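Here the structure is laid out as structure tokens; the discussion comes afterwards.
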Amino acid sequence: MGFDQVGYFGEFGGRYSPEILTEALEELEATYKKLSKDKKFQKELAYYLKNYVGRPSPLSFAERLTKHWGGARIWLKREDLNHSGAHKINNAIGQALIARYMGKKRIIAETGAGQHGLATATVGAMFGMETVVYMGAVDVKRQNLNAKKIELLGAKILPVTSGEATLKEATSEAMRDWALNVSTTHYIVGSAIGPHPFPTIVRDLQSVIGIEARKQFKKERKTLPAAIVACVGGGSNSIGMFAGFLKDKSVKIYGAEAGGLGPKPGEHSATLTYGKTGFLHGTKTLIIQDEYGQIVPAHSVSAGLDYPGVGPEHAHLSKTGRVEYRMVTDEQALSSFIEVSRIEGIIPALETAHAFHVARDVAMDLGKKKDLIICLSGRGDKDVTEVLRLLGEGKHE
Ligand SMILES: Cc1ncc(COP(=O)(O)O)c(C=O)c1O
């Protein structure tokens, strides 16, 4: 765990937030700096990750998928088996603990797919904290199971109807709430985005994925995988997975971003392919924007990837070429969603289905003697209704 000096990853990152938040961000930075070296905090975090989340998550060999694709041996890092069904809880637990150390009794979150909202509502209930979740009205509809679960857990959902009524607007509203209530409230940012120190905190809390996966794989195969793949929305499961392998030059790293319906502005969320440098939600990163610097609405069939920005560390990793980011269309993701369900008996989240699609191409290129790990970021229960509706409409067959 730790900071680079000023919260920059190469030219990206930093803190570009309204003045009203400066004090809260500085307090958070100082607290986290202390806690990241504090044995009691580390022990407490490890306790909850083991006993509440169920870590370590397994690294499973996907025998049928390996045979079906006919390329590299496929391994799955099973974040879908975490309590509440995705990687998001690794970060929510850590930040709720930090909030408790700071004496904050109220936590708020933004959510797209509902998994971060669900994780925050879960830890809010477990720690007895007042919890408010901002969710775009469109996402409340398409991720209705998660929205219902969040309310069942005692958290309040505030649907956001402005703009596209998806993740960007939910994030903006959560920031606004935080600015107004900073003395009592901690904003649990759900991805590796936002002003410093959030991208670093979220990466550190999610790095448990990559650190575990590397150790588990080495134990099993006595070597390193040839490649790893993860999907990229804001970029938290991926940066957590990548963090374990970035220094291993022999390991190829791939990110899967949402190619949506096509390459036209407004049809995709492929920030790393089409984005230009700009500022969004307090950080300098790659953003989908028009020639006047106006943010162009994002689109993805998966609510968790439907965001016009990306975590600044990914922008840096893309610029330096350490990670290769590939686009996956809605249609390709839907077909991987069905394929993985039928071949492997695992219904992946629609977000994760994007990673499977890239993994299939990479596995075929690598050939049979190599190994590839996919970060299975979450389970797809939340997506079943929406996928059946889309298939029923015949849009994506
Ligand atoms: C299962 C799952 N995977 C991936 C994502 C994308 O987020 P991130 O890029 O922060 O991992 C989400 C977002 O909601 C998600 O629910």
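We count ligands from 1, going down the list as the structure has it; atoms in each ligand are counted the same way. The shown structure was predicted, so the numbers you read here are calculated from the model rather than taken from an experiment.
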Check residues 155-165 and write down every donor-acceptor pair under 3.5 Å in which the side-chain atom is one partner and the other belongs to a residue at least two apart or another chain.
none

Between Tyr48 and Phe127, does the ring centre distance come in under 6.0 Å?
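Ring centres of Phe127 and Tyr48 closer than 6.0 Å.
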Practice item. Check step by step if side chain to side chain donor-acceptor pair (under 3.5 Å) holds for Glu110 and Tyr187. Key: CA-CA 9 Å; Glu110 87 295 341; Tyr187 174 17; 2.8 Å; yes
In this structure, are over 12 heavy atoms from other groups packed under 6.0 Å from Arg342 atom CZ?
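At most 12 heavy atoms, drawn from other residues, nucleotides or ligands, come within 6.0 Å of this atom.
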Heavy-atom contacts under 4.0 Å to ligand 1, chain-then-number order, include exactly His87, Lys88, Ala113, Gln115, Ser191, Cys231, Val232, Gly233, Gly234, Gly235, Ser236, Asn237, Gly304, Leu305, Ala349, Glu351, Ser377, Gly378
For a side-chain hydrogen bond (donor to acceptor under 3.5 Å, both in side chains) with His186, tell me which candidate from Glu27, Lys104, Gln95 qualifies.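 The single option meeting the side-chain hydrogen bond (donor to acceptor under 3.5 Å, both in side chains) with His186 is Gln95.
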- Message: I'd like to know if the side chain of Glu257 pairs up with that of Thr273 as donor and acceptor (distance under 3.5 Å, no hydrogens or angles considered).
- Response: yes
